[in-house]
Amino acid sequence: MCGRFVSTNQPDQIANYFGADAAVESLGENFNVAPTHDIYGVVQGADGTNRVEAFHWGLIPSWAKDRKIASKMINARSETLAEKNSFKGLFKKKRLLIPMDGFYEWKPGAADGPLNTKGKPLKQPMFIHRVDDEPLAVAGLWTAWKDPEAAENPEASDAGDQWLHSATIVTTAANETMSQIHNRMPVFVPRSRWAEWLDRSNDDIDDLSTLFVPTDDGSLTMHPVSTDVNNVRNNDPHLVTPL
DNA sequence: CCAGACGTTGTT
DNA sequence: GTCTGG
DNA sequence: CCAGACGTTGTT
DNA sequence: GTCTGG
């Protein structure tokens, strides 16, 4: 799956890479982006041009009473996307690309290996990134949510947009490279299909679903990193340094 | 009709 | 919002 | 994803 | 064990 990643590029760098406009303030470099944090997303605007915007990681569906649900909606299985109530409408109309430098997966520890303080096998975090060190373009879905409580407090809602934009990362089965450490991985959208994925008027779901078939083009590599990454407050370049 | 759910992962 | 279950 | 909390009452 | 928060 994908539950922690790295984002160090600035909005204008991301905009340049995706052929988009930067419509957001910098979120800063983050070597330990965790669910509920703000992340960048590339979406197609109403005028047809692509924009880099900020999203809350963890989908908060439009019907949610509060934002607690977000931490349960950090991923969406590609296999069932088109059938799930929470996702099917978004799959048609609210697709985005989530840029990242790379992401972390925790390789399960061997039963006869070192144990943690609770007596469970110690997991080894790994950093996965492109061989050429270009950003990954990960498939995601987004939506807008208006806090029902905030709507009843007009005094606090003067400042700008009351709609919270949130996003979830689409996952698929691990490819050959990733299956060394984990059975799931995010869906990567190749450059040749970015436009198709972002196109708001495209509702050819069957065709888009071909992106969900795990492929292995040898573009990914990985290395073990410090367990300091377990602490979400630890945001330091050394987190991606190979052990 | 109304009520209630709506999610993923990993581990056992 | 939209679907399923009762 | 991992870490950390997990509760209520009454009083200030 | 299970949920919430980051």
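For clarity, every value in this text was computed on a predicted model and none was experimentally measured. Just so you know, these numbers use all the heavy atoms, side chains as well, and skip hydrogens, waters and symmetry mates. Chain letters run A, B, ... following the sequence lines, proteins first and then strands; every chain starts at 1.
As judged by a 4.0 angstrom heavy-atom cut-off over every strand, A/Thr80 is placed among residues touching the sugar-phosphate backbone only. Across all strands shown, A/Trp106 has heavy atoms under 4.0 Å from sugar-phosphate atoms exclusively, and none from any base. Within 4.0 Å of A/Phe103, counting heavy atoms only, lies no atom of the nucleic acid at all. Residue A/Thr171 is in sugar-phosphate contact alone, with no base atom involved, counting any heavy-atom pair closer than 4.0 Å across all strands shown. Using a 4.0 Å heavy-atom criterion, one finds that A/Asn231 contacts no nucleic acid atom at all.
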Name each donor-acceptor pair under 3.5 Å that joins a side chain in residues 12-24 of chain A to protein atoms two or more places apart or in another chain, with its distance.
unit_1: A/Gln13; atom_1: OE1; unit_2: A/Gln10; atom_2: N; d: 2.7
unit_1: A/Tyr17; atom_1: OH; unit_2: A/Glu134; atom_2: OE1; d: 2.5

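Between B/dC1 and D/dT9, the distance separating the two P atoms is 41 Å to the nearest Å. Using C1' as the reference atom, B/dA3 and E/dG6 are 34 Å apart when rounded to the nearest Å. With both ends at atom C1', the span from B/dT11 to E/dT2 equals 13 Å, rounded to whole Å. One C1' atom belongs to B/dT8, the other to D/dC2, and the distance between them is 15 Å to the nearest Å.
Within the hydrophobic cluster formed by Ile, Leu, Val, Met, Phe, Trp and Tyr side chains joined at under 4.5 Å, directly or through other members, A/Val213 stands alone, with no partner residue. Cluster partners of A/Leu122: none. The rule joins Ile, Leu, Val, Met, Phe, Trp and Tyr whenever side-chain heavy atoms lie under 4.5 Å apart, and it links nothing here.
With sequence neighbours excluded, no residue satisfies ring-ring contact (aromatic ring centres under 6.0 Å, His included) with A/Trp145. A search for ring-ring contact (aromatic ring centres under 6.0 Å, His included) contacts involving A/Tyr104 returns A/Phe127, not counting sequence neighbours. Here A/Trp106 pairs with nothing under the ring-ring contact (aromatic ring centres under 6.0 Å, His included) rule; sequence neighbours left out. Every residue was checked against the salt bridge (charged side-chain N to carboxylate O under 4.0 Å, His left out) condition with A/Asp47, not counting sequence neighbours, and none meets it. Under the salt bridge (charged side-chain N to carboxylate O under 4.0 Å, His left out) criterion, A/Asp216 pairs with no residue, sequence neighbours left out.
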task = Assign a letter to each nucleotide of nucleotides 1-6 of chain E from its 5' end: B, base within under 4.0 Å of a protein heavy atom; S, sugar-phosphate only; -, no contact.
result = ---SBB

task = Using a 3.5 Å limit on both pairing distances, list the dot-bracket string of DNA chain D from the 5' end; Watson-Crick and G-U wobble pairs count, crossing pairs take [ ], interstrand pairs take |.
result = ||||||......

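Residue pairs meeting the ring-ring contact (aromatic ring centres under 6.0 Å, His included) criterion with at least one partner in residues 22-41 of chain A, sequence neighbours excluded, do not occur; the list is empty.
Extent of DNA chain D lying under 4.0 Å from chain A heavy atoms, first and last nucleotide in 5' to 3' order, is D/dC1 to D/dG4.
Of all heavy-atom pairs spanning A/Ala111 and A/Pro121, the tightest one is CA-CG, 4.1 Å.
Within the 4.5 Å cutoff, the side chain of A/Ile205 has no heavy atoms near those of the A/Asp207 side chain.
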